[in-house]
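First the structure, in the form of structure tokens, and then the observations on it.
Keep in mind that the numbers below use all heavy atoms, side chains included, and drop hydrogens, waters and symmetry copies. For ligands, and for the atoms within them, numbers begin at 1 and follow the listed sequence. Bear in mind the structure is a predicted one, so any value in this text is a computation, not a measurement.
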Amino acid sequence: MSDNWNRREFLSASALGLGLTAIGSAPPKAVGKNRPVVISSANGLRTVEKAMDLIRAGVDPLDAAIEGVAIVEADPNDRSVGYGGLPNEEGVVELDAAVMHGPTHGGGSVASLRNIMHPAAVARLVMKRTDHCLIVGEGALKFAKAHGFPEVDLLTDDSRKIWLHWKETNGKESDWLAPEEGELDPLVQRFSGVRLHGTIHCSALDTHGDLGCVTTTSGLSFKIPGRVGDSPILGAGLYLENDFGSAGSTGRGEANLLNLCSFLMVEDLRRGMAPRDAVIDACKRVASTTKAKRLLDAKGRPKFDLKFYCLAKDGRFAGGSLWAGAKFAVHDGDSARLVDCVSLYDEPLKT
Ligand code: GLY
């Protein structure tokens with residue numbers, strides 16, 4: 001047991017079957033009367049299920065959301081989050097994550113964190129155990145280790161192979177040569193020419209009407225080392241106000257950083273907008289502020305996607321995307337399921 005994980009935390013975490021990710025979590029409390037709701041990105045079906053189970057056991061909504069996304073952080077087959085996430089251009093996995101807690105309006109985040117499987121749990125400790133909101137790079141790694149998180153190699157063999165192929169096919173003057181046609185691993189083939197913005201977001205509303213949210217990612221694949229996206233930036237990758245609602249995003253982080261759409265969506269809720277309208281408002285904001293020609297199609301529409309998730313204090317929720325065809329995960333009491341996002345454009349993104 002880490003010195004920083006006290007006996008009471010350890011006992012309640014053990015009773016709930018939680019592991020290292022529970023470092024910094026609050027003890028469960030009595031269950032309230034409100035209907036809980038958890039939403040997440042499309043890769044978060046197991047996330048909403050886990051978070052809902054924990055909320056029903058009295059776990060704090062932020063802690064429940066962190067445990068939910070921890071499943072995906074540890075999943076080697078999700079190439080956009082945590083362990084198995086695609087690395088930067090030098091083959092090193094760098095993670096970004098942030099959390100916000102409704103009742104305390106606290107927030108914490110880490111960026112460019114290497115070798116730690118659960119950056120969202122570290123972000124919670126930034127919120128609870130420092131006077132800061134954001135810690136990056138080497139400092140974030142030292143901070144995580146000080147709190148008992150073990151260092152692990154986050155680059156799986158499959159992710160290394162996908163990165164190697166990118167390196168071998170990226171740049172005309174390179175001395176790295178790709179294998180002959182037909183010799184390419186089918187897994188690598190699937191990712192050829194693809195760069196992911198991936199990410200997982202989760203917003204949770206508990207039985208007391210309190211909110212918590214988290215966004216965690218390995219960021220843009222093959223990024224310049226040190227590149228930070230929207231995920232760990234409060235107001236961009238996520239935001240909440242306990243009296244109004246919670247919001248988050250996945251997709252092209254740069255477009256969201258330039259618009260702070262999670263803050264925008266919560267402001268929309270504050271002004272009485274429904275979540276469905278708030279996510280479309282965020283899409284419209286991104287579409288109207290994207291000016292660089294290289295990012296626009298012939299009709300002047302963004303050539304990328306960005307997805308938004310919005311959960312109101314009263315339990316209404318929505319997912320939205322620029323382009324049609326996206327889904328998001330929800331558990332609103334009965335079961336976990338994928339639901340269609342509303343979209344700004346009624347056709348899918350042409351890739
Ligand atoms: N939205 C994740 C990223 O751009 O890093």
Check each N or O atom of ligand 1 against all protein N or O atoms and list the pairs under 3.5 Å, with atom names and distances to 0.1 Å, one per line.
| from | atom 1 | to | atom 2 | distance (Å) |
| --- | --- | --- | --- | --- |
| ligand 1 | 1 (N) | Asp230 | OD1 | 2.6 |
| ligand 1 | 1 (N) | Gly251 | O | 2.6 |
| ligand 1 | 4 (O) | Arg227 | NH2 | 2.9 |
| ligand 1 | 4 (O) | Gly251 | O | 3.3 |
| ligand 1 | 4 (O) | Gly253 | N | 2.9 |
| ligand 1 | 5 (O) | Arg227 | NH1 | 2.7 |

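- When all heavy atoms are compared, the tightest approach of Arg114 to Pro225 is NH2-CB, 4.4 Å.
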Under 3.5 Å, side-chain donor or acceptor atoms of residues 264-272 against the rest of the protein: list the pairs with distances, not counting sequence neighbours.
| from | atom 1 | to | atom 2 | distance (Å) |
| --- | --- | --- | --- | --- |
| Glu267 | OE2 | Arg270 | NE | 3.0 |
| Glu267 | OE2 | Arg270 | NH2 | 3.4 |
| Asp268 | OD1 | Arg271 | NH2 | 2.6 |
| Arg270 | NH2 | Glu241 | OE1 | 2.9 |
| Arg270 | NH2 | Glu241 | OE2 | 2.7 |

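- Within the structure, side-chain hydrogen bond (donor to acceptor under 3.5 Å, both in side chains) contacts touching residues 217-226 (residues at least two apart or in different chains) are Thr199-Thr217.
- Hydrophobic side-chain contacts under 4.5 Å tie Met52 into a cluster, directly or through other members, with Val38, Val48, Ile55.
- Here the rule is side-chain hydrogen bond (donor to acceptor under 3.5 Å, both in side chains) with Asn259, and of Asp230, Thr289, Thr290 only Thr289 fits it.
- Closest non-hydrogen pair, Pro232 versus Gly229, comes out as CD-O, 3.5 Å.
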